[in-house]
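So the structure is just underneath, and the comments pick up after that.
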Amino acid sequence: MSVDAGAGRLRTEADEPGWEVDPDDEWGVAVIATVGRQLRLRREASGLRAAEFGEAVGYGEDLVYKIEGGKRIPRQEYLDRADEVLGAGGLISATWEDVKRVRYPRKVRELGQLEAKAVELQLYDPLNIHGLLQTPEYARGLLLMRRPAYTEDEVERFISARVARKAVFERDPVPELSFVLEEWALRRPLGGREVLRRQLELLLETAQLRNVELQVMPMDREEHAGTDGGIEVLKFADGAAVGRSPVVAGGRPVSEPRQLRILELRYGIIRAQALTPRESAAFIEQLLGER
């Protein structure tokens with residue numbers, strides 16, 4: 001066991017927004033409660049009071065109690081420092097493998113798991129730039145518009161989750177990704193004009209990837225097959241697929257062939273009505289020139 005005096009101000013909840021446990025996430029609650037209980041048992045076995053331990057790892061006493069009580073998700077740095085202070089020989093640090101699986105909200109984890117397995121993704125969002133394409137700053141601007149407002153913790157968790165989902169672009173082999181974006185979403189300066197500029201630049205960068213087709217639906221189109229809402233279709237290596245749209249099965253994920261055919265038909269028409277990928281890239285470049 002090693003205890004060093006903490007340097008500087010001890011960290012509090014205000015320093016780490018977005019690490020609250022979702023009480024409705026049963027698996028997440030169980031994992032964090034188990035990790036917290038192990039931390040408490042090891043601390044008590046070492047003879048350290050919570051305040052002493054908190055000073056050693058650089059956290060306030062209240063935050064230590066919340067982590068040990070399963071009310072707060074521990075960061076990787078916290079676990080690593082606790083491992084060192086308690087002389088756990090890497091056993092505490094190893095719990096991060098379990099913790100990081102429940103770090104994000106349950107619905108986002110489930111979506112991320114599907115995206116991680118898909119070999120083809122077809123994605124249309126009629127209101128905003130799709131989450132997989134958002135910069136953290138744009139995501140924040142969008143999330144702050146929500147009413148009733150999200151808490152700062154919720155905003156941070158959702159931003160972190162969206163950033164984590166971007167791993168889909170780094171997979172090997174990479175999946176085929178198709179996006180259709182609405183022109184108005186590319187013009188709306190959520191978070192400020194500089195945030196929008198960086199967002200448009202990222203879209204151009206992403207559009208250059210060989211496995212990505214990015215198309216823009218102009219506002220002057222007289223025909224539009226996407227007026228019923230967004231569409232997501234994910235296809236898997238075994239031939240299975242899952243889709244989702246607000247007007248099909250109440251927005252629940254569907255895998256029944258007849259319902260999937262409806263979604264794919266609509267998505268195909270939307271793509272045909274939108275600008276081509278080359279035209280879309282030129283259109284985004286034109287928007288950047290207007291900024």
Side-chain angles (χ1 to χ4, degrees), residues 16-20 22 24-25 103-115 121-170 177-207 209 212 214-219 224 226-234 244-247 251 253 267 270 274-275 280-281 283-288 290-291:
E16 297 187 350
W19 292 79
E20 295 287 353
D22 179 0
D24 296 324
D25 183 358
R103 164 70 178 92
Y104 307 113
R106 180 177 58 188
K107 290 183 179 180
V108 177
R109 292 202 310 267
E110 293 170 350
L111 178 58
Q113 289 167 1
L114 288 175
E115 291 171 347
L121 295 89
Q122 301 173 340
L123 306 164
Y124 166 64
D125 188 330
L127 299 176
N128 305 295
I129 295 170
H130 193 276
L132 286 176
L133 298 171
Q134 294 173 9
T135 65
E137 294 77 17
Y138 178 90
R140 170 177 286 279
L142 177 60
L143 290 165
L144 290 177
M145 295 302 103
R146 201 254 197 184
R147 297 295 182 272
Y150 287 125
T151 66
E152 186 63 21
D153 277 352
E154 289 173 322
V155 169
E156 292 300 327
R157 287 192 79 192
F158 280 118
I159 291 174
S160 297
R162 292 187 184 185
V163 171
R165 285 172 59 199
K166 289 180 178 291
V168 70
F169 291 103
E170 303 168 0
L177 295 111
S178 169
F179 299 91
V180 180
L181 309 175
E182 289 289 346
E183 177 185 345
W184 58 61
L186 305 182
R187 291 185 176 277
R188 188 180 301 118
L190 294 178
R193 297 195 177 278
E194 190 56 37
V195 168
L196 179 59
R197 165 172 284 278
R198 177 59 193 127
Q199 177 63 71
L200 294 177
E201 290 172 346
L202 177 63
L203 292 179
L204 282 178
E205 294 170 13
T206 305
L209 299 175
V212 174
L214 193 153
Q215 296 176 249
V216 175
M217 178 68 80
M219 291 189 294
H224 193 331
T227 55
D228 283 335
I231 296 174
E232 297 179 31
V233 177
L234 281 63
R244 185 172 61 175
S245 178
V247 294
Y267 188 76
I270 291 170
L275 298 175
S280 297
F283 183 80
I284 295 173
E285 288 178 343
Q286 177 183 331
L287 289 178
L288 274 170
E290 298 174 2
R291 302 283 140 199

Would L142 and R162 count as a side-chain contact (heavy atoms from CB on, under 4.5 Å) if you check the C-alpha gap in whole Å, the side-chain angles of each, and the deciding distance to 0.1 Å? CA-CA 12 Å; L142 177 60; R162 292 187 184 185; 3.8 Å; yes

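- Note that the CZ atom of R187 and the CD atom of E290 stand 5.0 Å from one another [nearest 0.5 Å].
- The two residues A185 and Y138 come nearest to each other via the heavy atoms O-OH, 4.1 Å.
- Using a 4.0 Å cut-off between a side-chain N of Lys or Arg and a carboxylate O of Asp or Glu, R198 and E201 qualify as a salt bridge.
- At least one donor-acceptor pair closer than 3.5 Å links the side chain of S280 to the backbone N or O of V216.
- The nearest pair of heavy atoms linking S245 to G230 is OG-O, 2.8 Å.
- Across all non-hydrogen atoms, the minimal contact from V247 to D228 is CG1-O, 3.2 Å.
- A donor-acceptor pair is defined here as one N or O able to donate and one able to accept, closer than 3.5 Å; no such pair exists between the side chain of Q122 and the backbone of V180.
- Residues P218 and A274 approach most closely at CD-CA, 4.5 Å, considering heavy atoms.
- Note that CD of Q134 and CG of L143 are 7.5 Å apart. Values are rounded to the nearest 0.5 Å.
- Of the possible donor and acceptor atoms, none in the side chain of E232 sits under 3.5 Å from a partner among the backbone N and O of R244.
- Considering CG of L127 and CZ of R188, their distance stands at 7.5 Å, rounded to 0.5 Å.
- In this structure, R147 contributes its side chain and L144 its backbone to a donor-acceptor pair below 3.5 Å.
- Of all heavy-atom pairs spanning Y267 and F179, the tightest one is OH-N, 3.6 Å.
- Interatomic distance, CG of L200 versus CG of L288, reported as 5.0 Å (0.5 Å rounding).
- Nearest heavy atom pair, residue A139 against residue I159, reads CB-CG1, 4.4 Å.
- Once rounded to the nearest 0.5 Å, the distance linking CD1 of I129 with CD of E182 reads 11.5 Å.
- Summarising the geometry, atom CG belonging to L132 is positioned 6.0 Å from atom CG belonging to L123; distances are rounded to the nearest 0.5 Å.
- Taking the six-membered ring for Trp and thresholds of 30 and 60 degrees, F158 and Y150 have ring planes inclined between 30 and 60 degrees apart.
- Contact of the L133 side chain with the F169 side chain is registered, since non-hydrogen atoms from C-beta on lie closer than 4.5 Å.
- Of the listed residues (L214, N128, D125), just one forms a side chain to side chain contact (heavy atoms under 4.5 Å, CB included) with L181, and that residue is L214.
- Formation of a donor-acceptor pair under 3.5 Å by the E137 side chain with backbone atoms of V195 is not found in this model.
- Although no hydrogens or angles enter the test, the distance criterion places a donor-acceptor pair under 3.5 Å between the side chain of R146 and the main chain of P148.
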